[in-house]
**Q** 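Below you will find the structure I want to go over with you.
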Amino acid sequence: MFSIQKTPLDLAALRSDIQDPTCGALVVFEGLVRNHHEGRDVTQLHYAHHPVLAQKEGERILAETMAKFAITKSVAIHRVGTLAIGECAVVTLTTSPHREAAFEANRFLIDSIKARVPIWKQETYSTGEVEWTS
């Protein structure tokens with residue numbers, strides 16, 4: 001499942017939904033909003049996206065991940081809207097019978113989302129400057 005949402009991510013529910021008794025590995029990546037970027041203090045981020053294209057590309061990436069790695073389940077959710085420092089902006093989860101596949105799949109999943117899904121972030125700096133970055 002790939003989704004984009006405006007509301008905070010419920011990590012406990014996601015972990016519960018993806019767990020499988022045949023799997024000995026669950027790998028979770030949480031992308032958090034940090035308070036700096038390239039030496040400048042960040043006060044908040046705003047994520048914007050192309051709804052149709054982002055959803056389609058996210059689903060395509062999940063299908064590729066499932067086909068490429070020996071995993072049982074995979075989930076990715078990205079937030080949009082304005083997020084505060086410390087909030088979770090993106091989460092990826094993968095399960096598999098063994099850890100190696102879950103780790104490799106999760107790395108592929110988050111790297112592919114960051115590179116290919118049309119989601120952009122606007123950083124607000126402590127100076128009041130606002131800048132779009134990728």
Side-chain angles (χ1 to χ4, degrees):
M1 169 187 78
F2 178 84
S3 67
I4 298 169
Q5 65 185 52
K6 291 183 179 182
T7 57
L9 303 170
D10 185 346
L11 298 173
L14 290 170
R15 286 176 60 97
S16 177
D17 289 346
I18 198 169
Q19 286 182 341
D20 184 310
T22 67
C23 295
L26 165 60
V27 174
V28 179
F29 170 79
E30 296 177 44
L32 307 176
V33 177
R34 65 179 178 262
N35 67 357
H36 63 92
H37 178 72
E38 297 182 350
R40 297 192 287 177
D41 293 334
V42 173
T43 59
Q44 72 178 19
L45 291 183
H46 179 83
Y47 287 94
H49 70 303
H50 187 291
V52 174
L53 294 179
Q55 185 64 40
K56 285 184 179 182
E57 189 62 19
E59 290 171 3
R60 187 176 297 121
I61 291 167
L62 273 179
E64 289 174 21
T65 303
M66 294 298 296
K68 183 173 180 156
F69 299 95
I71 58 175
T72 306
K73 294 180 184 176
S74 183
V75 173
I77 301 175
H78 203 299
R79 294 235 357 238
V80 293
T82 302
L83 282 72
I85 303 304
E87 285 193 272
C88 186
V90 61
V91 63
T92 57
L93 303 92
T94 51
T95 61
S96 67
H98 304 285
R99 68 181 174 272
E100 185 175 353
F103 275 114
E104 290 175 354
N106 205 292
R107 179 65 183 249
F108 174 83
L109 182 57
I110 189 59
D111 287 350
S112 297
I113 289 168
K114 295 295 286 180
R116 295 169 38 192
V117 176
I119 296 176
W120 308 277
K121 68 180 173 181
Q122 181 186 60
E123 295 181 309
T124 301
Y125 300 102
S126 60
T127 60
E129 292 176 273
V130 176
E131 182 177 85
W132 286 98
T133 63
S134 55

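Keep in mind that this is a model prediction, so the values were computed, not measured. What you see below is based on every heavy atom in this structure, not just the backbone, and it leaves out hydrogens, waters and symmetry mates.
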**Q** Considering non-hydrogen atoms only, spot the tightest contact between Phe2 and Ala54 and give its length.
**A**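 Shortest heavy-atom separation between Phe2 and Ala54 comes out as CE2-O, 3.5 Å.
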**Q** Is the side chain of Gln55 donor-acceptor paired with the backbone N or O of Gly58 at a distance under 3.5 Å, no angle test?
**A** no
**Q** So for atom CD, which belongs to Glu100, do other residues, nucleotides or ligands contribute more than 12 heavy atoms lying within a distance under 6.0 Å?
**A** no
**Q** How far apart are the closest heavy atoms of Gly86 and Leu32, and which atoms are they?
**A**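 What the structure gives for the nearest pair is O-CD2, 4.1 Å.
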**Q** Could you pull out the closest heavy-atom pair between Ala25 and Ala102, with the gap in Å?
**A** CB-CB, 3.9 Å
**Q** Would you say Met66 and Phe108 are hydrophobically clustered, going by side-chain heavy atoms of ILVMFWY under 4.5 Å?
**A** yes
**Q** Are Val80 and Ile113 linked, directly or through other ILVMFWY residues, by side chains that come within less than 4.5 angstrom of each other?
**A** yes
**Q** Going from CE on Met1 to CD1 on Ile18, what distance comes out if it is rounded to the nearest 0.5 angstrom?
**A**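 One gets 8.5 Å once the value is rounded to the nearest 0.5 Å.
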**Q** Quick one: do the Asp20 and Thr95 side chains pair a donor with an acceptor below 3.5 Å?
**A** no
**Q** Would you mind reporting whether Val42 and Ile85 have side-chain heavy atoms less than 4.5 Å apart?
**A**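 Yes, at least one pair of side-chain atoms sits under 4.5 Å.
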**Q** Under a 4.5 Å cut-off applied to non-hydrogen side-chain atoms, are Arg79 and Val91 in contact?
**A** no
**Q** Evaluate the ring planes of Trp132 and His46, with Trp represented by its six-membered ring, and classify them as parallel (under 30°), tilted (30 to 60°) or perpendicular (over 60°).
**A** perpendicular
**Q** Is there a donor-acceptor pair under 3.5 Å between the side chain of Thr94 and the backbone N or O of Ser74?
**A**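 No: the side chain of Thr94 does not pair with the backbone of Ser74.
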**Q** Please lay out, stage by stage, how Leu45 and Thr124 fare under the test side-chain contact (heavy atoms from CB on, under 4.5 Å).
**A** CA-CA 6 Å; Leu45 291 183; Thr124 301; over 6 Å; no
**Q** Where do Ala101 and Ile71 come nearest, in terms of heavy atoms and distance?
**A**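 Shortest heavy-atom separation between Ala101 and Ile71 comes out as O-CG2, 3.7 Å.
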**Q** Nearest 0.5 Å please: distance from the CD atom of Gln44 over to the CD atom of Glu87.
**A**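 Here the interatomic distance stands at 10.0 Å.
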**Q** To the nearest 0.5 Å, what is the distance between NZ on Lys73 and CD on Gln19?
**A** 9.0 Å
**Q** Do Phe29 and Val27 share a hydrophobic cluster, counting only Ile, Leu, Val, Met, Phe, Trp and Tyr and linking them when any side-chain heavy atoms are less than 4.5 Å apart?
**A** no
**Q** Can you tell if the side chain of Leu26 reaches within under 4.5 Å of the side chain of Arg15, non-hydrogen atoms only?
**A**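 SC-SC contact between Leu26 and Arg15 confirmed.
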**Q** Is it the case that the side chain of Glu59 and the backbone of Lys56 share a donor-acceptor pair, with hydrogens and angles ignored and the cut-off at 3.5 Å?
**A**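 No, because the side chain of Glu59 does not come within donor-acceptor range (under 3.5 Å) of the backbone of Lys56.
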**Q** Step by step, would you call Glu30 with Leu11 a side-chain contact (heavy atoms from CB on, under 4.5 Å)?
**A** CA-CA 9 Å; Glu30 296 177 44; Leu11 298 173; 3.1 Å; yes
**Q** Taking the side chain as everything from C-beta on, heavy atoms only, tell me whether Arg116 gets closer than 4.5 Å to Ile61.
**A**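 When only atoms from C-beta onward are counted, Ile61 and Arg116 do touch, with a gap below 4.5 Å.
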**Q** Is Glu131 close to Gln122 at the side-chain level, that is, under 4.5 Å between some pair of heavy atoms?
**A** no
**Q** Answer yes or no: are there more than 12 heavy-atom neighbours, outside Tyr125 itself, under 6.0 Å from its atom OH?
**A**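 Atom OH in Tyr125 is crowded, with more than 12 foreign heavy atoms closer than 6.0 Å.
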**Q** Quick check: closest heavy atoms across Leu9 and Ala89, and the distance to 0.1 Å?
**A**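 Taking every non-hydrogen atom into account, CD1-C, 4.4 Å.
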**Q** Determine, step by step, whether Arg40 and Glu123 satisfy the salt bridge (Lys or Arg N to Asp or Glu O under 4.0 Å) criterion, reporting the C-alpha distance in whole Å, the side-chain angles of both residues, the deciding distance to 0.1 Å, and the verdict.
**A** CA-CA 10 Å; Arg40 297 192 287 177; Glu123 295 181 309; 5.7 Å; no
**Q** So among Asp111, Thr65, Asn106, which one has a side-chain hydrogen bond (donor to acceptor under 3.5 Å, both in side chains) with Thr92?
**A** Asn106
**Q** CZ/Arg107 to OG/Ser112 distance, rounded to the nearest 0.5 angstrom?
**A** 11.0 Å
**Q** Please check if atom NE2 in His98 has more than 12 non-hydrogen atoms from other residues, nucleotides or ligands closer than 6.0 Å.
**A**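 Not more than 12 within 6.0 Å, no.
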**Q** Could you please spell out the steps behind the side-chain contact (heavy atoms from CB on, under 4.5 Å) verdict for Leu83 and Tyr47?
**A** CA-CA 8 Å; Leu83 282 72; Tyr47 287 94; 4.0 Å; yes
**Q** Short question: side chain of Arg99, backbone of Gly24 - any donor-acceptor pair under 3.5 Å?
**A**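 Not confirmed, Arg99 side chain does not pair with Gly24 backbone.
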**Q** Walk me through it: do His49 and Ile4 pass the test side-chain contact (heavy atoms from CB on, under 4.5 Å)?
**A** CA-CA 9 Å; His49 70 303; Ile4 298 169; 3.6 Å; yes
**Q** To the nearest 0.5 Å, what is the distance between CG (Asp10) and SG (Cys88)?
**A**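 If I round to the nearest 0.5 Å, the distance is 11.0 Å.
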**Q** Within a strict 4.5 Å, meaning less than it, do heavy atoms of the Leu109 and Leu62 side chains meet?
**A**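 In contact.
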